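One structure is given here, and the rest of the page talks about it.
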Protein chains: 2
Amino acid sequence: MKKVSSQINPDEACKTPCFDQDKVAAIKSILSEEEERLPELAAFYKLLGNTTRLKILFALGESELCVCDIAHVLELSTAATSHQLKSMRQQGWLRKRDDGKMVYYRLHSINLLKALKGDLKILEAQLR
Amino acid sequence: MKKVSSQINPDEACKTPCFDQDKVAAIKSILSEEEERLPELAAFYKLLGNTTRLKILFALGESELCVCDIAHVLELSTAATSHQLKSMRQQGWLRKRDDGKMVYYRLHSINLLKALKGDLKILEAQLR
DNA sequence: TTATCATTTTCGCAAATGTAGAAACAAATG
DNA sequence: CATTTGTTTCTACATTTGCGAAAATGATAA
């Protein structure tokens, strides 16, 4: 069932020569197509992997808000809030609108929020 | 347009009293319903926010694999690989199957992989 | 102009986090 | 028994991170 190839290079990083070399090669080849994108995808999820930022996204899902309002919702300083907003704006998730001294943020894409809510449901299903 | 309420508590964490107190209260109330779940959701995304783990998921999307094969695909030690596998198994994403000395891992839910591939497409759309 | 206000940015740090190595351990095999 | 495969614990290291403090920006008001 398990083909332990005789042509294993002893210099391999993994010392256990248990693997199916052909299978590994095939999967490496398949992965190589997506490999470039994976760091981007990881960065995408990293940005989502923070309760404060998720709160911001859910809050903006309700309504456009100024930085100060968001800061109050989060009970956080405006500087810290602004920092988080910037990171998400850079990711393309948020848009800003200047109005005098105030700056208003809103979701750029409603799809993101939908995805979040969908994932919340998946999560609940997992936990049952 | 902006209602600056007179009943602002001067002890507020945020020093700028620019906010629409009613709006903030309303949004806080709405968020409070989801607030409990948000740390879980963040943990979910944190686990996805790593290129190595994403590689594992995509690899297992192709085929069930033993730890050693996965380690070779990742070019990582079996110990490190096993650690990552454990974290994802704990999250409920993977299942393991013992077969003699070998241990095989597979995706528990195909939905996760579908979601990943969907998010990859969203990402590509964003970047255009 | 000067002052004030909302926000942004820079700097920097303390704390948290994550990754993975080494080695001990477990379980299966021969 | 010795090997093999995988897991776990302990550990150390580097990196990341979130955020405070304070200066800077840019708009508005006096």
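Keep in mind that this is a model prediction, so the values were computed, not measured.
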Using whole Å, what does the distance between atom C1' of nucleotide C:dA6 and atom OH of A:Y104 come to?
11 Å
Please name all residues satisfying side chain to side chain donor-acceptor pair (under 3.5 Å) with B:E64, sequence neighbours left out, ordered by chain then number.
B:R97
Could you state the atom-to-atom distance from CD1 of A:I56 to P of D:dG18 in whole Å?
11 Å
Test item: side-chain donor near acceptor, A:Y45 and B:D119, under 3.5 Å:
yes
Length of the line joining B:Y45:OH and D:dT17:P, which is rounded to integer Å
17 Å
B:L74 has an atom CG; how far is it from atom P of D:dG6, in whole Å?
13 Å
Test side chain to side chain donor-acceptor pair (under 3.5 Å) applied to A:R89 - qualifying residues, sequence neighbours left out
none
List in chain and number order the residues that pass side-chain contact (heavy atoms from CB on, under 4.5 Å) with B:A25, two or more places apart in sequence or in another chain; answer none if no residue qualifies.
none
Output the rounded distance in Å from CD1 (A:I70) to P (D:dG18).
16 Å
Restricting to salt bridge (Lys or Arg N to Asp or Glu O under 4.0 Å), what partner residues turn up for A:E35, sequence neighbours left out?
B:K55
Using the side-chain contact (heavy atoms from CB on, under 4.5 Å) criterion, which residues pair with B:I30? Sequence neighbours excluded.
A:E62
Can you list everything that forms a side chain to side chain donor-acceptor pair (under 3.5 Å) with B:R106? Sequence neighbours excluded, please.
none
Please report, rounded to the nearest Å, how far the P atom of D:dG18 is from the NZ atom of A:K46.
11 Å
Heavy atoms, side chains only, cut-off 4.5 Å: are A:W93 and A:I56 in contact?
no
I'd like a list of close polar pairs between nucleotides 7-13 of chain D and the protein, N/O only, cut-off under 3.5 Å.
{"residue": "D:dT7", "atom": "OP1", "partner": "B:K96", "partner atom": "NZ", "Å": "3.3"}
{"residue": "D:dT7", "atom": "OP1", "partner": "B:Y105", "partner atom": "OH", "Å": "2.8"}
{"residue": "D:dT7", "atom": "OP2", "partner": "B:S82", "partner atom": "OG", "Å": "2.8"}
{"residue": "D:dT7", "atom": "O5'", "partner": "B:S82", "partner atom": "OG", "Å": "3.4"}

Give a yes/no answer on whether the side chain of A:N50 brings an N or O atom under 4.0 Å of OP1 or OP2 in D:dG18.
yes
Rounded to whole Å, please give me the gap between CE in A:M102 and P in C:dA6.
7 Å
What is the distance from CD of A:Q84 to P of D:dT17, rounded to the nearest Å?
10 Å
Between protein and nucleotides 25-30 of chain D, what N or O pairs are separated by less than 3.5 Å?
none

With A:N50, which residues qualify under side chain to side chain donor-acceptor pair (under 3.5 Å), at least two apart?
none
